[in-house]
Amino acid sequence: MPGDVSIGIHDLSLATTQYVLTHETLAAHNGTGVAKYHRGIGQRAMSVPAADEDIVTMAADAAAPVVARHGADRIRTVVLATETSVDQSKAAGIYVHSLLGLSSAARVVELKQACYSGTAALQFAMGLVHRDPSEQVLVIASDVSRYELDSPGEATQGAAAVAMLVGADPALLRLEDRSGMFTADIMDFWRPNYRTTALVDGRESISAYLQAVEGAWKDYTGRGGRKLDEFGAFCYHQPFTRMAHKAHRHLLQYDGHAVGEEEITRVIGHTTAYNMELGNSYTASMYVGLASLLDHADDLTGQAVGFLSYGSGSVAEFFAGTVVPGYRARLRSGAHREAIGRREEIGYARYRELHERSFPADGGDHPAPKETTGPHRLVGLSGHKRIYATR
Ligand code: CAA
């Protein structure tokens, strides 16, 4: 029984922040030639959360349209993946569960392993649906990436959430059970509990990523996975969009193929359009890439898509999915473009103010200024408790 069930992504919805900072603005502040950002790392703008936005409000904004379209009756599990959690104990998904009015007869959990944990959430969801194909799992990846001001990582910041409904007989993408895995204990990027910004060894992180691509692919093919030329497109984790180019070039070389920029652009080009405007959204980034691919490519029906998920520290996984007939009628391309296009551009001083902003830790009443025009907002902190509201 469960072995024959087709399982995968039934719906996918993207949300981001109220504000955007362009790389022109950042370059004008720090004196960098903007070509380094536009061409060197492949980024044009970064999403910046308003003072009343965080991973919970973005997650709820992404998931609300999914629940509105399909109802919540079959959702028995909510898994929220993030590396920028708002609490050391309580799962952020519980706030989302409450904002969306989901049934109390559900389990909610948070997963963490740098940018990889959205994929762990997807694998967890597939296992649950295999066990009972009548159930659906709401998987949400939501992150705000933040580096120190004036550090090399600053230009790769960003924020977004992706919500995916995982279930049997999916309308968008059928996921395959076979995976290739790779884990290595490495300090390429990390964030100790006492820090609000990540620590990173930039060059080390790029080579750790490429090493993980090799490791995950080797394990995948060693277990009888598809051949490289069977894939019509590849979604990579995108800390910055040029990294996807580097990763695919590396994979082609490693697997003994000729490396041509045209071929790389053909198979990953459509996956980078949204990330270029949003910046790194850590756990969500590869799934933002999937949204971008589905929204921009010509008909992908029946094509295999390869996924390379990387999380510093490090864990990587390669897996595959096949695009389902009729998927185009179920896309949310208009809403995605609107979410990206409606962001309000801010200047450098305002960005800096938001970057440095934090709530006092004294347990008092601290309302957040009303800034976001999105459907959910962080009302403030009171008695050390976060308070959220639906507009
Ligand atoms: N025109 C065109 N290209 C230019 C240019 C110009 N005027 N000036 C520079 N460039 C190119 C450089 O040649 C370089 O390209 P290559 O990598 O292909 O050689 C690119 O722009 C970047 O230049 P630098 O290496 O000099 O840039 P940098 O020292 O400022 O740092 C970075 C770049 C290491 C990526 C830094 O932004 C960083 O630390 N980012 C955060 C860490 C990160 O994203 N790591 C990725 C792997 S880890 C991961 O994936 C997990 C995660 O999400 C963090």
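The model shown is predicted, which means the values in this text are computed figures rather than measured ones. Whatever order the structure lists them in is the order used to number ligands and atoms, beginning at 1.
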Whether [X] lies under 4.0 Å from ligand 1, heavy atom:
X    : result
A155 : no
C115 : yes
R203 : yes

Do any N or O atoms from the side chain of T17 and from the backbone of V48 form a donor-acceptor pair under 3.5 angstrom?
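Indeed, once roles are kept as given, a pair shorter than 3.5 Å links the two residues.
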Got a donor-acceptor contact below 3.5 angstrom from the S285 side chain to the Q238 backbone?
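Side chain of S285 to backbone of Q238, a donor-acceptor pair under 3.5 Å: yes, one is there.
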Can an N or O of N280 be found at a distance shorter than 3.5 Å from an N or O of ligand 1?
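So ligand 1 has an N or O lying under 3.5 Å from an N or O of N280.
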[atom] protein-contacted (non-hydrogen atom, under 4.0 angstrom):
atom                    : value
atom 32 (C) of ligand 1 : no
atom 16 (P) of ligand 1 : yes
atom 11 (C) of ligand 1 : yes

Looking at [atom], what's its closest protein heavy atom, distance included?
atom                    : result
atom 37 (O) of ligand 1 : P152 O, 2.9 Å
atom 22 (C) of ligand 1 : I41 CG2, 4.0 Å
atom 38 (C) of ligand 1 : G153 CA, 3.8 Å
atom 5 (C) of ligand 1  : K36 CA, 3.5 Å
atom 21 (O) of ligand 1 : G40 CA, 3.1 Å
atom 42 (C) of ligand 1 : V200 CG2, 3.5 Å

Which option wins on minimum heavy-atom distance to atom 19 (O) of ligand 1: R242, K246, R249?
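Looking at heavy atoms only, the winner is K246.
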Please state which option from P239, S205, G311 has its nearest heavy atom closest to atom 50 (O) of ligand 1.
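The nearest heavy atom belongs to P239.
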Going by the order shown, which atoms of ligand 1 are within less than 4.0 Å of some heavy atom of [X]?
X    : result
T156 : 37 (O), 40 (N), 41 (C)
Y209 : 50 (O)
Y147 : 41 (C), 42 (C), 54 (C)
H237 : 49 (C), 50 (O), 51 (C), 52 (C), 53 (O)
S312 : 48 (S), 49 (C), 51 (C)
A35  : 1 (N), 2 (C), 6 (C), 7 (N)
F240 : 35 (C), 44 (O), 46 (C)
G202 : 34 (C), 39 (O)

Is R191 close enough and on-axis enough to F189, meaning under 6.0 Å and within 45°, for cation-pi?
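Checked: cation-pi criterion not met.
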Stacked cation flag K246 on Y209, 6.0 angstrom / 45 deg:
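Cation-pi check for K246 and Y209: fails.
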Can you check whether E345 reaches T25 side chain to side chain, under 4.5 Å on heavy atoms?
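They are in contact (side-chain heavy atoms under 4.5 Å apart), so the answer is yes.
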How close do [X] and [Y] get, counting heavy atoms only, and between which atoms?
X    : Y    : answer
T283 : A81  : OG1-O, 3.3 Å
D61  : G374 : OD2-CA, 4.4 Å
D365 : G383 : OD1-N, 4.4 Å

Output, in order, the C-alpha distance, side-chain angles, deciding distance and verdict of ring-ring contact (aromatic ring centres under 6.0 Å, His included) for H10 and H70.
CA-CA 10 Å; H10 193 50; H70 304 277; 5.0 Å; yes
Once rounded to the nearest 0.5 Å, what's the spacing between atom CZ of R69 and atom CZ of R330?
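One finds 5.5 Å between CZ of R69 and CZ of R330.
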State plainly whether one hydrophobic cluster holds both F182 and F318, where clusters connect Ile, Leu, Val, Met, Phe, Trp and Tyr through side-chain heavy atoms under 4.5 angstrom apart.
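Per the 4.5 Å side-chain linkage, F182 and F318 are not co-clustered.
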Specify whether [X] and [Y] have parallel, tilted or perpendicular ring planes, treating 30° as the upper limit for parallel and 60° as the lower limit for perpendicular.
X    : Y    : result
H250 : Y254 : parallel
H296 : H270 : parallel
Y287 : F307 : parallel

